[in-house]
Structure formats: C-alpha cells, structure tokens
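Notes to accompany the following structure.
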Amino acid sequence: MSAPATKSASARPAPVEQAKSPPPYLPLTRPTIDEETIAGVADVLRSGWITSGPNVKLLEAKLSDYCGGRPVRVFNSGTCTMEIALRLAGVGPGDEVITTPLSWVATSNVVLEVGARPVFVDIDPITRNLDLNRVEAAITPATRAILPVDLAGLPVDRDRLYAIARQHRLRVVEDAAQSMGSTWNGQRIGATGDFVSFSFHPNKNITTIEGGCLVMNDEREAKLAEQYRLQGVVRTGFDGMEVELVGGKFNLTDVAARVGLGQLPHLDAFNAKRRELARVYFQLLNAPAVRALGLQLPVADFSQSNWHMFQVVLPEARLAIRRAAVMAELHAAGIGTGVHYPAIHLFALYRRLGWKEGDFPLAEHTCRNLLTLPLFPTMTRAEVQRVVDTLAAILSAHQQP
Ligand SMILES: *Cc1c(COP(=O)(O)O)cnc(C)c1O
C-alpha cells in the first residue's frame, strides 16, 4: 500500500525518488466509445429530434445488413426483446419454455412475464451452456419453445438445437445477448435461426447504453413487434390510429441509436481484440505453475466465440477461502471481477415456485465458483499478466491445508 497523500502548506520541491504509484484500478469491463460517436450524439441532441426517429431506422437497417438481411427491430433493452419474441411465438399461460439455470435472470423472468413456465435443464460443465443432451427428456406436450443462452459468447450447437426444435415443432428464442459477432459453422449468430435476441447493455460487446434488438423471420413478425414495442399502436395516413393488442413502451431513443451506429462498425475489431487477449489469458493460465492451482478454464474457442467474457471456475475443494474472499483480495489489489451468474433456480422467487438446491447440481457447482476476469478491447497484455499473477498469488496463499 502507498502512503496516504498529505497536503503541505509550504511548497517543497518534489523528492528526487518518487514513490511508485499503484497501477490504476482495472475494471471488469468498460465500453469503448470514440470521439466521432460522442460528437454524433451531440449532433442528435442539437437536432430537435431525440427520441425514436431516423437514427433508429438507420441502426435497424445496418443491423439487418449485419444479420444477412433478416428483419431487425431495436428496443430499449435486451430483456423486452425476448419477452416480445415469446409473444410473437404465441407463448403464454400454460406453456413451457426450456432454458438454462446459468444465465442473467432476465432469461427466465421473461418466461414468467408472459405467463408461461420456465423448465430448466442442467448445463454442460465444459461449455457452461444448456446441455442439449438433456433437452429432449424435458419436452412435454406443454413445451412451446427453447430459450438457449450463448454464455460468454460461446455459441450453443445450432445444428443440434434446431434439429431438436424441428423434430418436436418448437419455436426457438436465442438469447444471444452475449454473442453478437460470434459464429456457428462460419455464419454469424443472428444470420440464421428463428428469433435471435441481442443486448446492447454497456457490458456487452457493443452498446447503445441500454438497448437491444430482435432478429425475426419475416415482415409480418416485424410489424407485430413494432406494435408490442409501442402501446400496440398502428398508424395510417395523417390521422389514422388503431390499437388491437396490449403493447408496452419499449422504443429506443435516437440518441441511443446514434451510439449504436458509432459502435457497430467496430464490432469485429473489438471482438478480434477480445480474442487476442483471451489467447494471452490461456497462455499464462496454462503455464505449469498456474495450471497446478486447479482453475477450470473456459473452452479454448478461437474461431466461433466473440469472447464476451473470460470466466474461470475456482477449485472449491482445494481452497481455504470462498469466492467472495478471492474477489475481495483482487479488488484490494486494484482488479475488478464479477459473478455471471448465481443459479437462477435458487433465487427466492424461483424457490417459491418450487425449485430447490440439488435440482441442477452441475449448474450449482459452476455458479458457486465461476469468476469473471477483466476483458475488454482496450485492455493490455500487461494487464492480463497482472490479473493472472495476482490471482495465482491469492490462490497459492489460500490452499486447503
Ligand atoms: C445482458 C443480458 C440480457 C438482458 O439484456 P438487457 O439489455 O440488460 O435487458 C439477457 N440475457 C443475457 C444472457 C444477458 O447477458
């Protein structure tokens, strides 16, 4: 620790030998927003049209281009996109939706929101995604859809997923909140499939501050999505207005859309940088002395994942301290980490609905020990080194006796 700064009334010459200041705090993640985008946002603010308008239309067109020409609409979150997809799929009360217990709680909250029941299946502990081998056993006559998540950007096997969906006539809502720019068999996530939902939260690979988009199958679905987006309203001519369904208030502002327009051209470069840093993590974490500490690394996928996050599983049985203490020590050393995520079925709301400890043991073990390390496009190799060195030192100091 460095000595606390003191203020002296008498101006003295600086000492010749400066105390080495600690490196700046390394956050878990941070968005990269260029000056051109900031200037563009200022232009929108001055333009007199700040809510949904031309920038929203333009962003939708660019996202559609990115997704192979499929219809895309933007919304003010990557949560309402999934809720709307479920409504478009006709999912409602009495229906079941198969999903994973290892995700941001939005994934299953939207199922409850439309009045349906989430049906969790356990994860594959290697990919940490929903285990497709367990999906068919969970299908009942009430099953209407599968809602998979590409955790950390690692894509769920789309061939198997859609083979199961086709065979059982199920809709698919891909929670691709984390996998924009990931690919499956050389095709971008979003360019194929049924409904595909992306999030533009600041932690995601590109941002609109808050926001998201939904990729759909045809213009009929896109028109319906526009109704769900804004009070169910359909306008015709100068004064025609009709309302036929209950919509919400889910539109994205033009200010936010302008941020997205400044981000999208950088997506592939951002992801390339993430991939390069992930490689450095593997290189350092695979050094024999670090490997011996027993961390479980993510799948070393350098062709399909967008490396939204770099997550390790702590060696619970060998450690004398819990995850929170590891995080506290990293924080004290100036390194931010995160937990993505606690197991959904163990939240109070879900326990009240009948789930309990032991229902999904693989997800529970992973969720208890999963630790997200810093990874973002402007991070440096030296910072990756600092994270690995600090984490290794903490783990070696707290081995189970
Ligand atoms: C971020 C995220 C969401 C929700 O996105 P918001 O834009 O925050 O509403 C949903 N699912 C997953 C897996 C996410 O990471």
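Both ligands and their constituent atoms are indexed starting at 1 by order of listing. All residue numbers in this chain count up from 1 along the given sequence.
Here salt bridge (charged side-chain N to carboxylate O under 4.0 Å, His left out) pairs that include residues 256-268, with residues two or more places apart or in two chains, are E36-R258, R188-D268. Among residues at least two apart or in separate chains, ring pair (Phe, Tyr, Trp, His ring centres under 6.0 Å) pairs with a member in residues 219-277 are H266-F270.
One finds the CG atom of L297 at 11.5 Å from the OH atom of Y281 (value rounded to the nearest 0.5 Å).
Partners of R220 according to the side-chain hydrogen bond (donor to acceptor under 3.5 Å, both in side chains) rule, which considers only residues two or more places apart in sequence or in another chain, do not exist here.
Residues N76 and N251 bring no donor and acceptor atom of their side chains to less than 3.5 Å of each other.
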Under 3.5 Å, N/O to N/O: give me all the pairs between ligand 1 and the protein, one per line with atom names and distance.
from, atom 1, to, atom 2, distance (Å)
ligand 1, 5 (O), S199, OG, 3.2
ligand 1, 7 (O), G78, N, 2.7
ligand 1, 7 (O), S199, OG, 2.7
ligand 1, 9 (O), G78, N, 3.2
ligand 1, 9 (O), T79, N, 3.0
ligand 1, 9 (O), T79, OG1, 2.5
ligand 1, 11 (N), D175, OD1, 3.3
ligand 1, 11 (N), D175, OD2, 2.7
ligand 1, 15 (O), Q178, NE2, 2.8
ligand 1, 15 (O), K204, NZ, 3.2
ligand 1, 15 (O), Y341, OH, 3.3

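With D175 as the partner, the side-chain hydrogen bond (donor to acceptor under 3.5 Å, both in side chains) test is satisfied by one option alone out of T100, T79, T107: T107.
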